[in-house]
Colleague: 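First the structure, then my questions, so here it is.
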Amino acid sequence: MRYSEMFLPTTKEIPSDAEIVSHQLMLRAGMIRKLAGGIYTYLPLGYRVIKKVENIVREEMNRAGAQELFMPAVQPAELWMESGRWNMYGKELLRVKDRHNRDYCIGPTHEEVITALVRDEIQTYRQLPMNLYQIQTKFRDEIRPRFGVMRSREFGMKDAYSFDADEAGAEKSYRKMFDAYIRIFRRCGLHFRPVEADSGNIGGSFSHEFMVTAESGEDAMVHCTSCDYAANLEKAEVSRPEGKADQAVDFSPIEEVHTPDIRTIEEVCAFLDVKPGDIVKTMIFVGDGKPVAVLVRGDEDVNETKLRNYLGCDSLELAMDDTILEVTGSPRGFAGPIGIKSVIIADYSLIGMGNFVVGANRENYHIKNCNIGRDFEIRNYADLRIVKEGDLCPRCGKELKIARGIEVGHVFKLGMKYSKSMNATFLDSDGKEKYMIMGCYGIGIGRTAAACIEQSRDGDGIIWPMPIAPFQVIITPVNINDENLARVAEELYKGFVEEGVEVILDDRNERAGVKFKDADLIGIPIRITVGAKSLAEGKVEVRSRKSGEVEKVSLETVRDFITKTIMEQLSIS
RNA sequence: CGGGGCGUAGCGCAGCUUGGUAGCGCGCCUGCUUUGGGAGCAGGAUGUCGCAGGUUCAAAUCCUGCCGCCCCGACCA
């Protein structure tokens with residue numbers, strides 16, 4: 001490619017509406033342009049990167065035995081009604097009507113389509129296992145798209161679906177995908193970590209997210225400083241404290257105190273001169289329509305995902321004021337366990353606490369020296385709180401840390417959720433009809449590219465790892481008007497093209513500085529500078545974008561030198 | 001959906017308080033000089049001031065409604 005002919009609009013100025021570095025750099029490097037909120041065009045340079053990522057994904061999926069197909073983006077409502085998701089999915093599902101007023105949606109995912117296909121075509125265990133994937137444009141009408149291509153409404157995704165005859169097979173399929181993902185993200189040059197994740201209301205039992213570590217990441221993940229335990233914050237477990245009696249103290253006489261207009265933990269602490277750790281928070285939730293009181297120590301927070309899983313309910317939300325009044329008999333801010341009209345469950349953090357402060361279920365009153373067993377009963381203790389940095393690892397007991405990350409991929413064991421609702425069965429070797437056991441596996445393509453930029457860039461621009469760089473080499477003749485330089489650059493260029501090297505020749509009539517700045521901005525791993533001084537010695541300069549190191553290489557040996565360097569940087573450890 | 005902000009040349013912004021001639025930087029075009037880290041000089045082009053209504057002799061500026069975009073929050077297979 002010749003730079004002079006390429007549609008590559010780079011900018012010096014930072015676009016004002018781009019929040020994170022990858023978004024800014026993708027705009028500045030002429031990779032993307034916005035069409036509407038959360039909807040982007042990939043320009044030629046950006047699309048080259050996308051195709052690189054897609055091809056890595058494709059190679060590794062094929063290697064793992066998955067087969068590529070291509071499903072429709074537009075899907076009929078009937079399928080979604082079958083799985084029950086037409087009503088469950090909510091506003092994120094973009095619904096459209098055709099000319100006959102029939103309902104369709106733009107696919108946010110493809111479980112329905114693939115399950116319907118496999119259900120109709122696979123009859124016997126002899127045809128299993130099966131793993132099918134596609135790379136497709138999805139649409140999710142996000143409430144708030146942001147960070148450019150990182151959280152957009154329209155986006156490219158690889159989604160794979162496995163179908164197995166039994167649990168053992170499903171485990172194996174899951175493991176294969178897990179391993180393939182590790183190869184994929186390694187090849188993309190990313191620093192990442194697979195973390196245990198909640199499987200959400202997609203159902204199923206097991207799930208990992210692949211998180212690229214980045215400060216700008218939207219997700220929090222927890223990892224152990226000692227063993228390899230790592231989990232999504234939602235999922236991260238807290239062990240039941242050992243060696244602590246449920247009640248460890250002598251009971252003091254219970255005492256109701258007047259606390260006028262004192263509601264929050266901070267206010268109670270200041271007013272009663274206690275620490276948050278001396279208080280028990282009573283949170284009223286409504287799960288599938290029924291109120292539940294959740295007790296958690298004052299310095300902890302309830303993890304709604306854990307609570308939802310514990311209760312086994314579909315919907316869960318904090319109670320509204322009228323429900324609180326109904327259950328506690330008092331307005332918001334004074335809820336407590338004593339006399340409450342609902343089930344009470346307590347987080348592990350309450351174990352060993354005694355003589356604590358709670359709300360009195362009476363406006364403007366709290367209770368001191370409250371105790372479980374004497375003053376009220378709980379149904380059970382459970383792990384219901386959000387993990388904090390410094391908590392102990394549920395596996396090895398060492399300290400946990402929290403880091404931020406970008407979710408670039410996830411693997412789910414779906415189980416029979418869709419095969420049941422959509423009746424995807426097969427005839428097993430024992431002659432019985434059984435439901436297929438499914439798994440689904442996604443990778444955000446654009447997000448992976450953006451995550452890479454977050455991790456690999458400097459003040460001058462992007463630093464692409466060789467495997468996903470839009471070009472492997474850029475040739476920069478310092479002055480195109482110097483016929484000698486222009487000729488040598490041209491010959492080098494043609495040589496590389498013949499060799500199959502992905503090369504761009506910066507043949508623009510620009511000053512050297514401009515070309516250097518652009519080359520750095522768009523992040524080509526290797527730059528060959530053709531300048532008068534070195535050329536006098538029969539040499540050109542080979543510069544690494546990453547290290548900035550420059551090596552003078554003779555014209556006779558550059559081709560070998562470059563192809564060797566590229567090969568080295570393409571192979572994974 | 002709640003709160004906040006923005007919409008003026010391709011991009012980044014000023015002008016709006018206090019109504020009257022639309023401006024700056026970058027980019028773009030022409031010429032000359034320059035040519036190893038975003039060049040200099042000279043000349044030049046470019047705007048339904050987001051849209052629609054209203055007030056006024058007069059609206060980018062004041063008022064009303066709408067649309068779009070950004071940030072915070074709620075939401076999230």
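Numbered from 1 within each chain, the chains take letters A, B, ... in sequence-line order.
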Colleague: Please check if any side-chain donor atom of H208(A) sits under 3.5 Å from a side-chain acceptor atom of Y181(A), or the reverse.
Modeller: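 Distance-only check fails for H208(A) and Y181(A).
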Colleague: Measuring from the side chain of E19(A) (C-beta onward, heavy atoms only), which nucleotide among rC26(B), rC1(B), rC71(B) has the closest atom?
Modeller: rC71(B)
Colleague: Regarding E112(A), tell me which of base, sugar-phosphate or nothing describes its non-hydrogen contacts under 4.0 Å with the strands shown.
Modeller: nothing
Colleague: Could you list the donor-acceptor pairs under 3.5 angstrom formed by side chains in residues 23-30 of chain A, with sequence neighbours left out?
Modeller:
from	atom 1	to	atom 2	distance (Å)
H23(A)	ND1	G148(A)	N	3.4
H23(A)	NE2	Y40(A)	OH	3.4
Q24(A)	NE2	A18(A)	O	3.0
R28(A)	NE	T11(A)	O	3.1

Colleague: Mind calculating the distance between NZ (K517(A)) and P (rC26(B)) to the nearest angstrom?
Modeller: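 About 17 Å, once rounded to whole Å.
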Colleague: Measure the distance from CD1 on I14(A) to P on rC26(B) and round it to the nearest whole Å.
Modeller: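 That distance rounds to 17 Å.
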Colleague: Can you find a donor-acceptor N/O pair under 3.5 angstrom joining the side chain of R151(A) to the base of rC76(B)?
Modeller: yes
Colleague: Considering Watson-Crick and G-U wobble pairs with both distances under 3.5 Å, what does rC76(B) pair with?
Modeller: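 Pair assignment: rC76(B) / none.
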Colleague: In whole angstrom, give the distance that lies between atom CZ of R144(A) and atom P of rC69(B).
Modeller: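 Those two atoms, CZ and P, are 13 Å apart.
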Colleague: Once you round it to whole Å, what is the distance between P of rG36(B) and NZ of K539(A)?
Modeller: 21 Å
Colleague: Given rG12(B), rU35(B), rG36(B), which nucleotide is nearest the side-chain atoms of S16(A)?
Modeller: rG12(B)
Colleague: Looking only at heavy atoms, which two atoms of A64(A) and M177(A) are closest? And how far apart?
Modeller: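 That would be CB-CE, 3.8 Å.
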Colleague: Assign each of D520(A) and A18(A) to its nearest nucleotide of RNA chain B by heavy atoms, then name whichever residue's nucleotide is nearer the 5' end.
Modeller: D520(A)
Colleague: How many whole angstroms separate atom CD of E304(A) from atom P of rC76(B)?
Modeller: 8 Å
Colleague: Kindly indicate whether a cation-pi arrangement holds for R95(A) with W86(A), taking the cut-offs as under 6.0 Å to the six-membered ring centre and within 45° of the axis.
Modeller: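 Verdict for W86(A): a cation-pi partner in R95(A).
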Colleague: Report the distance from atom CG of D506(A) to atom P of rU35(B), rounded to the nearest whole Å.
Modeller: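 Distance, rounded to whole Å: 19 Å.
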Colleague: So what does R33(A) hit on the nucleic acid, given a heavy-atom distance under 4.0 Å: a base, only sugar-phosphate, or nothing?
Modeller: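 R33(A): no heavy atom of the nucleic acid under 4.0 Å.
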Colleague: Round to a whole Å and report the spacing from CG of L8(A) to C1' of rC11(B).
Modeller: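 After rounding, the gap between these two atoms is 16 Å.
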Colleague: Quick one: the side chain of R527(A) and the base of rG37(B), do they pair up donor-acceptor inside 3.5 Å?
Modeller: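 In this structure, the two groups form a donor-acceptor pair.
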Colleague: My understanding is that a pair needs two contacts under 3.5 Å, Watson-Crick or G-U wobble. By that rule, which nucleotide pairs with rG7(B)?
Modeller: rC67(B)
Colleague: Describe the nucleic acid contact of G531(A) in one word from base, sugar-phosphate, nothing, applying a heavy-atom distance below 4.0 Å.
Modeller: base
Colleague: Base of rG36(B), side chain of N479(A) - is there a donor-acceptor contact under 3.5 Å?
Modeller: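 Absent.
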Colleague: Please name the nucleotide paired to rU21(B) by Watson-Crick or G-U wobble geometry with both distances under 3.5 Å, or report none.
Modeller: none
Colleague: Check whether any side-chain nitrogen or oxygen of K91(A) sits under 4.0 Å from OP1 or OP2 of rC1(B), and answer yes or no.
Modeller: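 K91(A) to rC1(B) OP1/OP2: no side-chain N or O under 4.0 Å.
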Colleague: Report the nucleotide, chosen from rC26(B), rA39(B), rC69(B), that has the shortest atom-to-atom distance to any side-chain atom of V514(A).
Modeller: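 Minimum distance to the V514(A) side chain belongs to rA39(B).
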Colleague: Across the strands shown, which category fits D482(A) at heavy-atom distances under 4.0 angstrom: base, sugar-phosphate, nothing?
Modeller: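 Here D482(A) touches no strand at all.
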Colleague: I'd like to know if E510(A) reaches the base of rG37(B) with its side chain, counting only an N/O donor and acceptor under 3.5 Å.
Modeller: no
Colleague: Hey, which sits more toward the 5' end of RNA chain B by its nearest nucleotide, R140(A) or T11(A)?
Modeller: T11(A)
Colleague: Check ring-ring contact (aromatic ring centres under 6.0 Å, His included) between F147(A) and all other residues, then give those that pass, not counting sequence neighbours.
Modeller: none
Colleague: Pairing check on rG31(B): which nucleotide meets the Watson-Crick or G-U wobble criteria with it, both distances under 3.5 Å?
Modeller: rC41(B)
Colleague: Between atom CG of D460(A) and atom CZ of R545(A), what is the distance when rounded to the nearest 0.5 Å?
Modeller: 5.5 Å
Colleague: Once you round it to whole Å, what is the distance between P of rA74(B) and CG of L316(A)?
Modeller: 15 Å
Colleague: Looking at rG36(B), rU35(B), rG37(B), which one has an atom nearest to any side-chain atom of T529(A)?
Modeller: rG36(B)
Colleague: From the set rC69(B), rG25(B), rA39(B), return the single nucleotide nearest to any side-chain atom of A36(A).
Modeller: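 From the listed options, rC69(B) comes nearest.
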Colleague: With a 3.5 Å cut-off and just heavy-atom distances, do the side chain of E13(A) and the base of rG25(B) make a donor-acceptor pair?
Modeller: yes
Colleague: Just checking, any donor-acceptor pair under 3.5 angstrom between side chains of Y441(A) and S162(A)?
Modeller: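 Yes, because at least one side-chain N or O of Y441(A) sits under 3.5 Å from a partner of the opposite role on S162(A).
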Colleague: Sort out the partner of rA58(B) for me: Watson-Crick or G-U wobble, both distances under 3.5 Å, none otherwise.
Modeller: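 Pairing partner: none.
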Colleague: Using the P atoms only, state how far rG65(B) lies from rC13(B), rounded to an integer number of Å.
Modeller: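 To the nearest whole Å, 27 Å.
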Colleague: Taking atom P in both rC69(B) and rU8(B), what distance in whole Å separates the two?
Modeller: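 It works out to 14 Å between them.
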Colleague: Suppose you measure atom C1' in rG27(B) against the same atom in rC67(B); what distance do you get, rounded to whole Å?
Modeller: 29 Å
